2 protein chains.
Amino acid sequence: MLKDGDNMKKDKNDVIEVCQTIEIHEDIIKKVRENTPDENTLNKLADLFKIMGDNTRMKILYALLQVDEMCVCDLSTVLKKTPSAISHQLRILRQADLVKYRKEGKVVYYSLNDEHVKEILDVGFSHITEG
Amino acid sequence: MLKDGDNMKKDKNDVIEVCQTIEIHEDIIKKVRENTPDENTLNKLADLFKIMGDNTRMKILYALLQVDEMCVCDLSTVLKKTPSAISHQLRILRQADLVKYRKEGKVVYYSLNDEHVKEILDVGFSHITEG
DNA sequence: TTAACATTTGAATAATTGTTCATATATAGT
DNA sequence: ACTATATATGAACAATTATTCAAATGTTAA
(Lines give C-alpha, C1' and ligand atoms only; values in the text may rest on other atoms or scores of the structure.)
Protein backbone atom coordinates (compact mmCIF):
# COMPACT_ATOMS: atom_id res chain seq x y z
CA MET A 1 0.00 0.00 0.00
CA LEU A 2 0.97 3.56 -0.56
CA LYS A 3 1.33 5.86 2.36
CA ASP A 4 -0.87 8.90 2.35
CA GLY A 5 0.65 11.51 0.13
CA ASP A 6 3.29 9.30 -1.40
CA ASN A 7 2.36 10.42 -4.85
CA MET A 8 1.05 13.76 -3.77
CA LYS A 9 2.73 17.06 -4.33
CA LYS A 10 5.17 17.77 -1.54
CA ASP A 11 7.21 20.68 -2.69
CA LYS A 12 7.04 23.27 -5.40
CA ASN A 13 9.83 21.81 -7.44
CA ASP A 14 9.72 18.25 -6.34
CA VAL A 15 7.17 15.54 -7.00
CA ILE A 16 3.83 16.41 -8.49
CA GLU A 17 0.48 14.86 -7.93
CA VAL A 18 0.02 11.97 -10.31
CA CYS A 19 -2.35 9.10 -10.79
CA GLN A 20 -2.01 6.27 -8.35
CA THR A 21 -2.86 3.36 -10.56
CA ILE A 22 -0.23 0.65 -10.63
CA GLU A 23 -0.14 0.31 -14.40
CA ILE A 24 0.47 3.82 -15.70
CA HIS A 25 1.05 2.45 -19.19
CA GLU A 26 4.78 2.14 -18.65
CA ASP A 27 5.43 1.00 -22.19
CA ILE A 28 3.80 4.10 -23.61
CA ILE A 29 5.64 6.38 -21.24
CA LYS A 30 8.93 4.78 -22.13
CA LYS A 31 8.31 5.03 -25.85
CA VAL A 32 7.37 8.69 -25.58
CA ARG A 33 10.36 9.50 -23.42
CA GLU A 34 12.74 7.86 -25.85
CA ASN A 35 11.37 9.39 -29.02
CA THR A 36 10.47 12.92 -28.03
CA PRO A 37 12.98 15.64 -28.97
CA ASP A 38 14.76 17.31 -26.11
CA GLU A 39 13.13 20.07 -24.12
CA ASN A 40 15.24 22.80 -25.64
CA THR A 41 14.23 21.94 -29.19
CA LEU A 42 10.56 21.77 -28.28
CA ASN A 43 10.75 25.13 -26.59
CA LYS A 44 12.30 26.67 -29.66
CA LEU A 45 9.60 25.10 -31.76
CA ALA A 46 6.89 26.49 -29.51
CA ASP A 47 8.55 29.89 -29.69
CA LEU A 48 8.44 29.80 -33.46
CA PHE A 49 4.72 29.09 -33.48
CA LYS A 50 4.16 31.64 -30.74
CA ILE A 51 5.60 34.30 -33.01
CA MET A 52 3.32 33.29 -35.84
CA GLY A 53 0.40 33.07 -33.46
CA ASP A 54 -0.44 36.74 -33.51
CA ASN A 55 -2.87 38.43 -35.86
CA THR A 56 -0.66 41.37 -36.68
CA ARG A 57 2.47 39.34 -37.26
CA MET A 58 0.53 36.81 -39.30
CA LYS A 59 -0.72 39.60 -41.55
CA ILE A 60 2.78 40.98 -41.90
CA LEU A 61 4.14 37.60 -42.93
CA TYR A 62 1.34 37.03 -45.42
CA ALA A 63 1.81 40.49 -46.89
CA LEU A 64 5.52 39.90 -47.33
CA LEU A 65 4.69 36.59 -48.91
CA GLN A 66 2.99 38.39 -51.80
CA VAL A 67 5.73 40.84 -52.71
CA ASP A 68 9.49 41.17 -52.61
CA GLU A 69 9.63 43.75 -49.89
CA MET A 70 7.61 46.38 -48.05
CA CYS A 71 8.54 49.40 -46.01
CA VAL A 72 7.09 50.00 -42.55
CA CYS A 73 4.85 52.62 -44.06
CA ASP A 74 3.40 50.19 -46.61
CA LEU A 75 2.67 47.65 -43.92
CA SER A 76 1.18 50.33 -41.74
CA THR A 77 -1.16 51.31 -44.55
CA VAL A 78 -2.22 47.80 -45.47
CA LEU A 79 -2.73 46.60 -41.91
CA LYS A 80 -4.31 49.84 -40.74
CA LYS A 81 -2.04 50.00 -37.72
CA THR A 82 0.34 52.68 -36.47
CA PRO A 83 3.93 52.52 -37.72
CA SER A 84 4.94 52.12 -34.11
CA ALA A 85 2.86 49.01 -33.64
CA ILE A 86 4.19 47.60 -36.90
CA SER A 87 7.76 48.42 -35.96
CA HIS A 88 7.42 46.67 -32.63
CA GLN A 89 6.17 43.53 -34.31
CA LEU A 90 8.83 43.70 -37.00
CA ARG A 91 11.44 43.72 -34.30
CA ILE A 92 10.08 40.46 -32.95
CA LEU A 93 10.08 38.94 -36.43
CA ARG A 94 13.59 40.21 -36.94
CA GLN A 95 14.85 38.71 -33.70
CA ALA A 96 13.38 35.39 -34.77
CA ASP A 97 15.18 35.71 -38.11
CA LEU A 98 11.90 35.42 -39.95
CA VAL A 99 12.40 38.70 -41.77
CA LYS A 100 15.39 40.69 -42.92
CA TYR A 101 15.66 44.37 -43.75
CA ARG A 102 17.39 46.77 -46.03
CA LYS A 103 17.77 50.48 -45.48
CA GLU A 104 17.40 53.01 -48.24
CA GLY A 105 17.57 56.55 -46.99
CA LYS A 106 14.88 57.04 -44.40
CA VAL A 107 12.96 54.03 -45.58
CA VAL A 108 13.48 50.52 -44.28
CA TYR A 109 12.38 47.67 -46.46
CA TYR A 110 11.47 44.35 -44.91
CA SER A 111 11.26 40.98 -46.58
CA LEU A 112 10.90 37.34 -45.64
CA ASN A 113 14.16 35.82 -44.55
CA ASP A 114 13.35 32.16 -44.54
CA GLU A 115 12.21 29.62 -47.07
CA HIS A 116 10.57 27.60 -44.35
CA VAL A 117 8.17 30.38 -43.45
CA LYS A 118 6.17 29.94 -46.64
CA GLU A 119 6.02 26.18 -46.13
CA ILE A 120 4.78 26.50 -42.59
CA LEU A 121 2.17 29.05 -43.56
CA ASP A 122 1.05 26.88 -46.48
CA VAL A 123 0.58 23.78 -44.37
CA GLY A 124 -1.29 25.76 -41.77
CA PHE A 125 -3.40 27.33 -44.47
CA SER A 126 -4.38 23.93 -45.83
CA HIS A 127 -5.39 22.87 -42.38
CA ILE A 128 -7.67 25.87 -41.98
CA THR A 129 -9.27 25.81 -45.40
CA GLU A 130 -9.55 22.07 -46.03
CA GLY A 131 -10.45 21.08 -42.51
CA MET B 1 0.12 70.21 -50.39
CA LEU B 2 -1.29 68.36 -47.49
CA LYS B 3 -2.97 70.24 -44.74
CA ASP B 4 -1.55 69.76 -41.30
CA GLY B 5 -2.86 66.56 -39.85
CA ASP B 6 -4.41 65.27 -43.02
CA ASN B 7 -2.76 61.92 -42.60
CA MET B 8 -2.52 62.12 -38.85
CA LYS B 9 -4.58 60.16 -36.39
CA LYS B 10 -7.80 61.98 -35.64
CA ASP B 11 -9.95 59.55 -33.76
CA LYS B 12 -9.50 56.25 -31.96
CA ASN B 13 -11.28 54.18 -34.59
CA ASP B 14 -10.82 56.37 -37.59
CA VAL B 15 -7.73 57.17 -39.57
CA ILE B 16 -4.34 56.18 -38.26
CA GLU B 17 -1.08 57.97 -38.54
CA VAL B 18 0.64 56.97 -41.74
CA CYS B 19 3.59 58.07 -43.77
CA GLN B 20 3.15 61.23 -45.74
CA THR B 21 5.24 60.49 -48.74
CA ILE B 22 3.42 60.79 -52.02
CA GLU B 23 4.63 57.51 -53.40
CA ILE B 24 3.63 54.94 -50.83
CA HIS B 25 4.43 52.16 -53.27
CA GLU B 26 0.87 51.96 -54.54
CA ASP B 27 1.59 49.01 -56.79
CA ILE B 28 2.89 46.94 -53.88
CA ILE B 29 -0.03 47.87 -51.68
CA LYS B 30 -2.48 46.96 -54.40
CA LYS B 31 -0.83 43.61 -55.08
CA VAL B 32 -0.81 42.72 -51.40
CA ARG B 33 -4.42 43.75 -50.94
CA GLU B 34 -5.54 41.63 -53.85
CA ASN B 35 -3.62 38.49 -52.97
CA THR B 36 -3.83 38.30 -49.22
CA PRO B 37 -6.46 35.94 -47.79
CA ASP B 38 -9.35 37.55 -45.99
CA GLU B 39 -9.01 38.70 -42.41
CA ASN B 40 -11.09 35.87 -41.00
CA THR B 41 -8.89 33.19 -42.52
CA LEU B 42 -5.71 34.86 -41.30
CA ASN B 43 -7.13 35.14 -37.80
CA LYS B 44 -7.96 31.45 -37.77
CA LEU B 45 -4.48 30.70 -39.00
CA ALA B 46 -2.94 32.82 -36.27
CA ASP B 47 -5.15 31.07 -33.73
CA LEU B 48 -3.87 27.71 -34.88
CA PHE B 49 -0.27 28.75 -34.40
CA LYS B 50 -1.12 30.43 -31.13
CA ILE B 51 -2.35 27.11 -29.82
CA MET B 52 0.83 25.37 -30.87
CA GLY B 53 2.89 28.22 -29.50
CA ASP B 54 2.88 27.03 -25.92
CA ASN B 55 5.50 24.81 -24.33
CA THR B 56 3.06 22.54 -22.58
CA ARG B 57 0.77 22.07 -25.53
CA MET B 58 3.72 21.55 -27.83
CA LYS B 59 4.97 18.77 -25.57
CA ILE B 60 1.53 17.20 -25.48
CA LEU B 61 1.31 17.21 -29.26
CA TYR B 62 4.79 15.75 -29.65
CA ALA B 63 4.07 13.06 -27.09
CA LEU B 64 0.88 12.08 -28.88
CA LEU B 65 2.83 12.01 -32.09
CA GLN B 66 4.91 9.11 -30.78
CA VAL B 67 2.11 6.80 -29.67
CA ASP B 68 -1.49 5.98 -30.49
CA GLU B 69 -2.99 7.46 -27.39
CA MET B 70 -2.23 8.59 -23.86
CA CYS B 71 -4.36 9.19 -20.82
CA VAL B 72 -4.19 12.40 -18.83
CA CYS B 73 -2.22 10.56 -16.21
CA ASP B 74 0.41 9.43 -18.72
CA LEU B 75 0.82 12.96 -20.01
CA SER B 76 0.97 14.27 -16.50
CA THR B 77 3.80 11.88 -15.71
CA VAL B 78 5.80 12.55 -18.84
CA LEU B 79 5.43 16.32 -18.73
CA LYS B 80 5.87 16.54 -14.97
CA LYS B 81 2.81 18.72 -14.63
CA THR B 82 -0.34 18.37 -12.55
CA PRO B 83 -3.27 16.53 -14.16
CA SER B 84 -5.22 19.74 -13.77
CA ALA B 85 -2.76 21.75 -15.80
CA ILE B 86 -2.71 19.03 -18.45
CA SER B 87 -6.48 18.84 -18.53
CA HIS B 88 -6.79 22.58 -19.03
CA GLN B 89 -4.46 22.45 -22.00
CA LEU B 90 -6.14 19.39 -23.44
CA ARG B 91 -9.39 21.26 -23.42
CA ILE B 92 -7.85 23.96 -25.57
CA LEU B 93 -6.46 21.37 -27.96
CA ARG B 94 -9.85 19.67 -28.04
CA GLN B 95 -11.69 22.88 -28.84
CA ALA B 96 -9.28 23.43 -31.71
CA ASP B 97 -9.99 19.90 -32.95
CA LEU B 98 -6.33 19.06 -32.74
CA VAL B 99 -6.93 16.09 -30.44
CA LYS B 100 -9.79 13.69 -29.89
CA TYR B 101 -10.56 11.55 -26.87
CA ARG B 102 -12.02 8.23 -25.88
CA LYS B 103 -13.31 7.33 -22.46
CA GLU B 104 -12.69 3.95 -20.86
CA GLY B 105 -14.01 3.80 -17.35
CA LYS B 106 -12.39 6.51 -15.33
CA VAL B 107 -9.61 6.94 -17.81
CA VAL B 108 -9.72 9.31 -20.76
CA TYR B 109 -7.42 8.58 -23.66
CA TYR B 110 -6.33 11.37 -25.94
CA SER B 111 -4.91 11.13 -29.44
CA LEU B 112 -4.09 13.39 -32.35
CA ASN B 113 -7.12 14.25 -34.42
CA ASP B 114 -5.58 15.73 -37.47
CA GLU B 115 -3.23 14.60 -40.18
CA HIS B 116 -2.08 18.16 -40.72
CA VAL B 117 -0.73 18.47 -37.21
CA LYS B 118 2.19 16.18 -37.93
CA GLU B 119 2.98 18.03 -41.13
CA ILE B 120 2.97 21.39 -39.44
CA LEU B 121 5.15 20.14 -36.62
CA ASP B 122 7.55 18.53 -39.10
CA VAL B 123 8.01 21.67 -41.15
CA GLY B 124 8.53 23.70 -38.02
CA PHE B 125 10.98 21.14 -36.74
CA SER B 126 13.02 21.35 -39.94
CA HIS B 127 13.14 25.08 -39.56
CA ILE B 128 14.50 24.82 -36.04
CA THR B 129 17.02 22.08 -36.61
CA GLU B 130 18.26 22.93 -40.10
CA GLY B 131 18.25 26.68 -39.65
C1' DT C 1 -23.80 3.52 0.36
C1' DT C 2 -19.40 4.39 1.04
C1' DA C 3 -14.47 5.11 -0.45
C1' DA C 4 -10.97 5.78 -3.89
C1' DC C 5 -9.54 7.64 -8.04
C1' DA C 6 -9.13 9.94 -12.89
C1' DT C 7 -10.48 13.79 -14.80
C1' DT C 8 -12.76 18.19 -15.22
C1' DT C 9 -13.90 22.79 -13.98
C1' DG C 10 -14.08 27.60 -11.96
C1' DA C 11 -11.84 31.17 -9.57
C1' DA C 12 -7.67 33.45 -8.34
C1' DT C 13 -3.05 34.69 -9.23
C1' DA C 14 1.05 35.74 -11.64
C1' DA C 15 3.30 36.41 -15.79
C1' DT C 16 3.39 37.59 -20.53
C1' DT C 17 2.34 40.56 -24.22
C1' DG C 18 0.25 43.86 -27.92
C1' DT C 19 -0.74 48.58 -28.43
C1' DT C 20 -0.39 53.35 -27.48
C1' DC C 21 1.95 57.44 -26.38
C1' DA C 22 5.84 60.22 -26.08
C1' DT C 23 10.23 60.63 -27.39
C1' DA C 24 14.51 59.53 -29.73
C1' DT C 25 17.28 58.55 -33.79
C1' DA C 26 18.51 58.92 -38.54
C1' DT C 27 18.26 60.77 -43.05
C1' DA C 28 17.03 64.20 -46.68
C1' DG C 29 16.05 68.67 -48.19
C1' DT C 30 16.05 73.72 -47.60
C1' DA D 1 21.76 75.40 -38.98
C1' DC D 2 16.68 74.00 -39.27
C1' DT D 3 12.54 71.36 -40.72
C1' DA D 4 10.17 67.36 -42.14
C1' DT D 5 9.75 62.57 -42.42
C1' DA D 6 10.48 57.35 -41.55
C1' DT D 7 11.45 54.38 -38.23
C1' DA D 8 12.75 52.79 -33.66
C1' DT D 9 12.40 52.51 -28.75
C1' DG D 10 11.01 52.68 -23.72
C1' DA D 11 7.50 52.99 -20.41
C1' DA D 12 2.75 52.37 -19.18
C1' DC D 13 -1.59 50.18 -19.69
C1' DA D 14 -4.90 46.79 -20.82
C1' DA D 15 -5.84 42.35 -22.09
C1' DT D 16 -4.80 37.61 -22.42
C1' DT D 17 -3.35 33.39 -20.44
C1' DA D 18 -0.89 29.32 -17.99
C1' DT D 19 -0.83 27.39 -13.62
C1' DT D 20 -2.43 26.40 -9.09
C1' DC D 21 -5.81 25.38 -5.75
C1' DA D 22 -10.14 23.77 -4.23
C1' DA D 23 -14.04 21.61 -5.39
C1' DA D 24 -17.07 18.99 -8.48
C1' DT D 25 -17.99 15.05 -11.79
C1' DG D 26 -18.27 10.55 -13.08
C1' DT D 27 -16.68 5.88 -12.58
C1' DT D 28 -15.24 1.55 -10.23
C1' DA D 29 -15.02 -1.52 -6.48
C1' DA D 30 -16.02 -2.94 -1.78
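Bear in mind that the values here come from a model prediction, so they are computed numbers and not experimental data.
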### Task
Please check if any side-chain donor atom of B:Tyr110 sits under 3.5 Å from a side-chain acceptor atom of B:Arg94, or the reverse.
yes
### Task
Could you tell me whether the side chain of A:Asn113 and the main chain of A:Asp97 form a donor-acceptor pair under 3.5 Å?
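Here the side-chain-to-backbone pair exists.
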#### Entry: Those residues of residues 55-67 of chain A lying under 4.0 Å from DNA chain C by at least one heavy atom
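Within this stretch, A:Thr56, A:Arg57 sit under 4.0 Å of the strand.
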### Message
Just to be sure I understand the geometry, which residues of residues 103-111 of chain A put a non-hydrogen atom under 4.0 Å away from DNA chain C?
### Response
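The stretch gives A:Lys103, A:Gly105, A:Lys106 as the residues lying under 4.0 Å from the strand, ordered by number.
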### Query
How would you list, by chain and number, every residue that makes a ring pair (Phe, Tyr, Trp, His ring centres under 6.0 Å) with B:Phe49, sequence neighbours excluded?
A:Phe49
### Partner residues of A:Tyr62 under the ring pair (Phe, Tyr, Trp, His ring centres under 6.0 Å) criterion, sequence neighbours left out
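Ring pair (Phe, Tyr, Trp, His ring centres under 6.0 Å) check on A:Tyr62 returns nothing, list empty.
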### Message
Measuring from atom NE2 of A:His127 to atom CG of B:Leu45, what distance do you get when rounded to the nearest 0.5 angstrom?
### Response
9.0 Å
Under 3.5 Å donor-acceptor pair, [X] side-chain atoms to [N] base atoms:
{"X": "A:Thr82", "N": "C:dC21", "answer": "no"}
{"X": "B:Ser84", "N": "C:dT9", "answer": "yes"}
{"X": "A:His88", "N": "C:dT20", "answer": "yes"}

### Message
Give me the atom names and distance for the closest heavy-atom approach of B:Arg57 to B:Lys50.
### Response
NH2-O, 3.5 Å
### Query
Between A:Met58 and B:Asn43, is any pair of side-chain heavy atoms under 4.5 Å apart?
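With C-beta onward as the side chain, the pair stays apart.
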### Query
Which comes earlier along DNA chain C counting from the 5' end, the contact point of A:Lys50 or that of B:Arg91, where each point is its nearest nucleotide?
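Its nearest nucleotide being more 5', the pick is B:Arg91.
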### Query
Under 4.0 Å between a side-chain N/O of B:Gln89 and OP1 or OP2 of D:dT17, yes or no?
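Answer is no, no contact under 4.0 Å.
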### Task
State whether the number of non-hydrogen atoms from other residues, nucleotides or ligands found under 6.0 Å of B:Gln95 atom CD is greater than 12.
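Yes, the 6.0 Å shell around CD holds more than 12 heavy atoms from other groups.
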### Message
Could you tell me how far apart B:Gln95 (CD) and D:dA18 (P) are, to the nearest whole angstrom?
### Response
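For the pair B:Gln95 CD and D:dA18 P, the rounded distance is 12 Å.
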### Message
Based on the rotation axes of five pairs at each end, what angle does the helix from C:dT1-D:dA30 to C:dT30-D:dA1 bend through, to 10°?
### Response
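Answer rounded to 10°: the end axes differ by 20°.
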### Task
Output yes when B:Lys31 and B:Asp27 qualify as a salt bridge under the 4.0 Å nitrogen-oxygen rule, no when they do not.
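No, no charged N to carboxylate O under 4.0 Å.
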### Task
Name the nucleic acid region contacted by B:Ile92, choosing base, sugar-phosphate or nothing; use a 4.0 angstrom heavy-atom cut-off, strictly under.
sugar-phosphate
### Task
Kindly state each residue pair satisfying salt bridge (Lys or Arg N to Asp or Glu O under 4.0 Å) with at least one member in residues 32-42 of chain A, sequence neighbours excluded.
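Listed once each, the pairs are A:Glu39-B:Lys59.
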